Amino acid sequence: MTRIFKKHQALISGIISFAVLLLIWQFAVDFGYIKAFFVSSPSRVAVEFWRQLQSGEVRDNMAVSLYEFAVGLSLAVTVGGMLGVMAGWSRTIEYVLEPFIWFKYSSPTIAFYPLFIAWLGLGEPTIIAIAFIFALTPIYANTLSGIKNVDQDLVRAAISFGARPHDLFLKVTLPGSVPILIAGLRLAVGRALTGVIAAELFGATAGLGYSIAFYGQKLKTNEMMVSLVLVVILGVIFTQLLSLLESATDAWRPNVDR
Amino acid sequence: MSQIEIRDVAIEYKKPKSEESFVAIQGVSLSIEKGSFVTIVGSSGCGKSTLLLALAGLIECSRGSIRVEGKDVTGPGKDRAMVFQDASLLPWRSVHGNVRFALELQRWKRDDIDERAARFVRMVGLGNFADYHPHQLSGGMRQRVNIARALAVDPQVLLMDEPFGALDAQTREVMGDELLRIWERDKKTAVFVTHSIDEAIFLGDRVVVMGRNPGHIRDVVEIDLPRPRTAAMLDSPSFIEYRRKLRDYISADMQALHMVEDIA
Ligand SMILES: Nc1ncnc2c1ncn2[C@@H]1O[C@H](COP(=O)(O)OP(=O)(O)O)[C@@H](O)[C@H]1O
Ligand SMILES: [Mg+2]
């Protein structure tokens with residue numbers, strides 16, 4: 001028993017603290033310390049969740065948001081990855097792209113939202129574009145740094161055995177960058193999700209963010225909470241999956257503490 | 001003509017952020033016979049690695065020429081393989097995968113690669129560790145992989161830059177023995193850089209002594225010890241004589257360096 005606890009200490013402690021939070025939340029509302037109107041309560045959310053599940057609302061909202069998320073993220077991975085590889089390959093390209101990256105790092109991207117609406121209209125294309133823009137930077141930055149920080153000793157050894165440029169890229173640079181690429185992907189996943197939800201809050205006809213905004217405006221806290229909780233759960237699941245992938249691909253790194 | 005002909009080679013490095021260059025070695029000439037084991041010894045900074053990298057075709061000569069089997073060295077080639085000091089194994093590949101790596105790069109037939117990699121892994125005594133990754137191995141084992149990788153591509157010349165430099169004294173001796181045992185089989189030409197005088201004598205048919213400012217060859221000493229070499233020879237009168245001679249060369253070099261530093 002204690003062994004099991006030690007092995008999964010982080011997980012078990014996390015679940016316990018989360019359960020305690022739920023209990024406090026429930027009791028605080030039940031005993032009238034906080035009004036249900038402000039925070040709903042776990043039992044109310046559960047009942048409302050069941051209703052939205054039956055009515056198909058959960059499925060529809062999830063489908064729309066996940067679709068936008070997947071398209072936005074895929075675009076970011078493709079474009080960011082390609083730009084990162086190109087910038088890693090040529091100094092000139094890196095310098096040409098640098099101002100845009102700085103610009104993106106130092107300005108709140110969401111401020112450009114109205115501009116996107118003007119270009120792409122209200123709805124799906126704009127939401128995908130926002131998710132794409134949000135997720136682009138970590139993909140680009142990590143791809144670039146993975147390529148630039150390739151171990152020169154390995155490159156030299158490979159060249160001594162006759163490696164050609166594409167051998168170097170496919171057999172040394174790329175596999176050597178996998179950990180940092182996955183780290184970039186983990187950041188991008190979180191940002192793409194944020195992008196989708198934020199954009200849906202402002203202008204959409206379906207999706208989890210839309211549902212939050214829709215019920216929020218009507219001050220229907222219980223109904224709103226369902227989608228809010230779903231967003232949190234999605235975020236946790238994605239991040240955990242990526243962490244798993246990260247540690248699976250990281251195994252060869254000697255300094256990884258396992 | 002010898003298998004390797006090094007003629008009046010000079011190598012200069014560009015100094016960073018300036019037009020000047022730094023002469024690492026100058027006026028180096030050396031002939032190496034096919035199948036011989038040549039060791040290069042000298043204090044650090046005298047250009048041993050530089051000379052070896054030029055032999056490998058990884059850096060260019062500023063002057064002079066290097067020929068292997070009559071052909072000018074213009075880049076890396078299948079006739080030469082290099083064993084680096086350390087950290088040149090792909091950390092994400094297994095022992096077997098690292099040996100495979102060299103075979104893949106030289107476009108060996110797919111069907112042969114696995115078999116051949118496995119054979120060379122066994123040859124260096126790592127048969128039971130084929131699936132281990134470099135970080136799970138000791139320094140000595142990692143160098144065995146490096147040697148297996150270089151031998152697997154079947155080069156004419158084996159170039160080794162202080163391959164045992166990072167190992168402790170005991171492991172070092174074992175590895176030296178092992179290297180000779182492997183080398184005796186098909187006697188590929190070996191050029192072995194070390195800063196250990198004993199190692200240079202123990203392994204070599206000839207010891208090339210280098211000095212510095214700029215790097216040059218001071219002398220080439222023929223080692224007249226029978227093969228196979230054994231640990232007992234380390235205490236033989238002729239070994240002790242070789243050791244004394246080489247040590248004189250190198251300490252003279254060190255003194256010259258201290259004088260330069262005193263003046264500066
Ligand atoms: N890439 C380089 N750029 C500039 N100088 C170098 C470089 N590599 C080596 N040197 C210099 O050349 C000299 C010889 O170095 P090296 O061949 O590594 O010597 P050794 O292997 O005998 O220790 C040293 O003074 C070193 O500082
Ligand atoms: Mg060196």
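If you're wondering where the values come from, they're calculated on a predicted model, not measured in any experiment. Computed over heavy atoms, backbone and side chain alike; hydrogens, waters and symmetry mates excluded. Labels below follow one simple rule: chain letters A, B, ... track the order of the sequence lines, proteins then strands, and each chain is numbered from 1.
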Kindly write out the residues that satisfy ring pair (Phe, Tyr, Trp, His ring centres under 6.0 Å) with A:Trp89, not counting sequence neighbours, or none if the list is empty. none

Does a sphere of radius 6.0 Å around CZ in B:Arg110 hold more than 12 heavy atoms from other residues, nucleotides or ligands, not counting ones at 6.0 Å or beyond? no

Contact class of B:Arg93 relative to chain A, heavy atoms under 4.5 angstrom: side chain

Quick check: under 4.5 Å, non-hydrogen atoms only, which of residues 50-70 of chain B neighbour chain A? B:Leu53, B:Leu58

Do other residues, nucleotides or ligands put more than 12 heavy atoms under 6.0 Å from the OH atom of A:Tyr67? no

Please say whether more than 12 non-hydrogen atoms of neighbouring residues, nucleotides or ligands are located less than 6.0 Å from OH in B:Tyr13. yes

Spatial distance of atom CG (A:Asp153) from atom CD (B:Gln85) [nearest 0.5 Å]: 10.0 Å

Heavy-atom neighbours of B:Tyr132 OH exceed 12 at 6.0 Å: no

Minimal non-hydrogen separation, A:Ser160 against B:Pro76, with atom names: O-CB, 3.7 Å

Heavy atoms only: give me the nearest B:Phe101-A:Lys171 pair and the separation to one decimal. CE1-CB, 3.8 Å

Nearest heavy-atom approach of B:Met82 to A:Phe161 is O-CZ, 3.9 Å

Pair count under 4.5 Å, heavy atoms only, with chain A: among B:Pro155, B:Gly75, B:Ala102, B:Ser94, highest is B:Ala102

Apply side chain to side chain contact (heavy atoms under 4.5 Å, CB included) to A:Val178 and B:Trp92, showing your working. CA-CA 10 Å; A:Val178 164; B:Trp92 55 87; over 6 Å; no

Report which part of A:Arg164 has an atom under 4.5 Å of a heavy atom belonging to chain B: side chain, backbone, both, or neither. side chain

Nearest heavy-atom neighbours spanning B:Leu89 and A:Leu154: O-CD2, 3.3 Å

In terms of heavy-atom pairs under 4.5 Å with chain A, the winner among B:Glu104, B:Arg80, B:His133 is B:Glu104

In terms of heavy-atom contacts, does CZ of B:Arg107 have more than 12 from other residues, nucleotides or ligands at under 6.0 Å? yes

